[in-house]
Amino acid sequence: MIYVICGPTGSGKTQASLQLATFLHAPIINADAFQIYRDMNIGTAKISSQNPAYSNHYLLDIISPDQSFSVKEYQQLFRQTIDSLTKKYPDIIVVGGTGLYIRASLYDYMFEEREPDDTSDLDNLSNQELWDLLKSLDEKSLLSLHPNNRKRVIRAISIARTHLQNKSENIQRQEHKIIYPNVSIYFINPPREKLYDNINKRVDEMFNLGLVKEVNDLLIKYHLSLTASQAIGYKEVIDYLSHKMSLNECQELIKQRTRNYAKRQVTFFKHQFNSQEFISGDELVKVIMEDGK
RNA sequence: GGUCUGGUAGCUCAGGCAGUAGAGCAGGAGACUGAAAAUCUCCGUGUCGGGAGUGCAAAUCUCUCCUAGACCA
């Protein structure tokens, strides 16, 4: 049985996963795009390596912050990990807040081997020009895109010109089903006010634990990759360290962006998965334990 | 005490040659198949500080009061 625990940041996923892991004697697979990175601990609210449960975790601290990372790689690692763990454990727990990673891993998303494609020739085109270009290469993909979403439009163009199948063909080829048997998805969705309150407190806590020092050390040790440098809590502290804002402004900005992010997560989980919804991690744990008896 | 400048959406402010208002942010709703802690879409009625006056008509002009700030005494 695969137990997937998802929810916005600050909803109590980690705590719930630890309790469940003890109860089920199950390993935990991380499904968080930034806990993947080594040396990014405080800002990603990662479980401490001092915690005895740490060794029970997979896909945690596996990438260096100077490396880029993407769904395709995550999907690959996830499937390998599941394959090897199912040989030893009847139950596996998956926890994380990165909806796309979870979806791409659970469902039959297919990513071809990537051909090197330099898209810099597209940078100077207007949204309309990009839209027209994509229309000539993969008209169907237009249906699921918006002309202003340049990043996605460029991606679709790139797929069409370097892959055997364009994006819409690739998606059409899929069955849109979960490829593993016995998957249960649990969604922790606390009341908005409670969630935002947790987030605010958690950000303050991160600073008390030494977030500024962590970021400083990180900058000395690595040249952050494009993906790693997008982490909320890190990019803002970097701006603070280069005197672009005050400490207080930095803290407030992190809270703000984390709240905005949490809201987007809720939207994703609410609509992209068939899940059982819970108001808190405790509720979730209680229900699973009762079912397990 | 005097002079001046403000008081407009939760916040910061536009507008204001009179015809009952609009942006950004916040907030809400949503999309999502190789950057996803990313990227993108949609949603703005609020005693225009209170009162009075002049107008067919005032947030917009006049007077007065309240209030914030700056400057002068």
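Proteins get letters first, then strands, A, B, ... in listed order; numbering begins at 1 in each.
RNA chain B contains the following stems of three or more consecutive Watson-Crick or G-U pairs, with both distances under 3.5 Å: B:1-7 with B:66-72, B:10-13 with B:22-25, B:27-31 with B:39-43, B:49-53 with B:61-65.
Nucleotide rU39(B) holds its C1' atom 13 Å from the CD1 atom of I232(A), rounded to whole Å. One can place CD1 of I199(A) at 13 Å from P of rA37(B), the figure rounded to the nearest angstrom. Atom OH in Y74(A) sits roughly 17 Å away from atom C1' in rA35(B) (whole-Å rounding). Following rounding to the nearest Å, Y101(A) (OH) and rU33(B) (C1') show an atom-to-atom distance of 13 Å. Per the geometry, CH2 belonging to W131(A) stands 11 Å off C1' belonging to rC40(B), to the nearest Å. If you take CZ of F69(A) and C1' of rA37(B), they are 14 Å apart, rounded to a whole angstrom. Distance Q75(A) CD to rA36(B) P: 14 Å, rounded to the nearest Å. Following rounding to the nearest Å, L211(A) (CG) and rA37(B) (P) show an atom-to-atom distance of 17 Å.
Looking at heavy-atom distances under 4.0 Å, S225(A) makes no contact with the nucleic acid at all. As judged by a 4.0 angstrom heavy-atom cut-off over every strand, L145(A) is placed among residues making no nucleic acid contact.
Donor-acceptor pairing under 3.5 Å is recorded for the side chains of S168(A) and N166(A). The closest side-chain donor-acceptor pair between Y234(A) and E214(A) falls under 3.5 angstrom. At a cut-off of 3.5 Å, with distance as the only test, no side-chain donor of E283(A) or S280(A) sits close to an acceptor on the other residue.
A cation-pi contact, defined as under 6.0 Å to the ring centre and within 45° of the axis, is absent between R264(A) and Y261(A).
Nucleotides rG10(B) and rC48(B) are separated by 12 Å at their P atoms, to the nearest Å.
Under the 4.0 Å criterion applied to side-chain N and carboxylate O atoms, K244(A) and E236(A) are not assigned as salt-bridge partners. Under a 4.0 Å N-O distance rule, the pair D118(A)/R161(A) does not qualify as a salt bridge.
Q35(A) contributes a side-chain N or O that, together with a main-chain N or O of T44(A), makes up a donor-acceptor pair within less than 3.5 Å.
Between F111(A) and Q230(A), the one whose closest nucleotide on RNA chain B sits nearer the 5' end is F111(A).
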Practice task
Could you run through nucleotides 26-32 of chain B and give me one letter per nucleotide, 5' to 3': B if any protein heavy atom sits under 4.0 Å from the base, S if only the sugar-phosphate is that close, - if neither?
Solution key: SSBBBSB
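Applying the salt bridge (Lys or Arg N to Asp or Glu O under 4.0 Å) test to pairs two or more places apart or on separate chains, those with a residue in residues 34-58 of chain A are D39(A)-K221(A), K46(A)-D61(A).
For the pair C6(A) and I185(A), the minimum side-chain heavy-atom distance is below 4.5 Å.
Taking syn as a glycosidic angle within 90° of 0, rG55(B) qualifies as syn.
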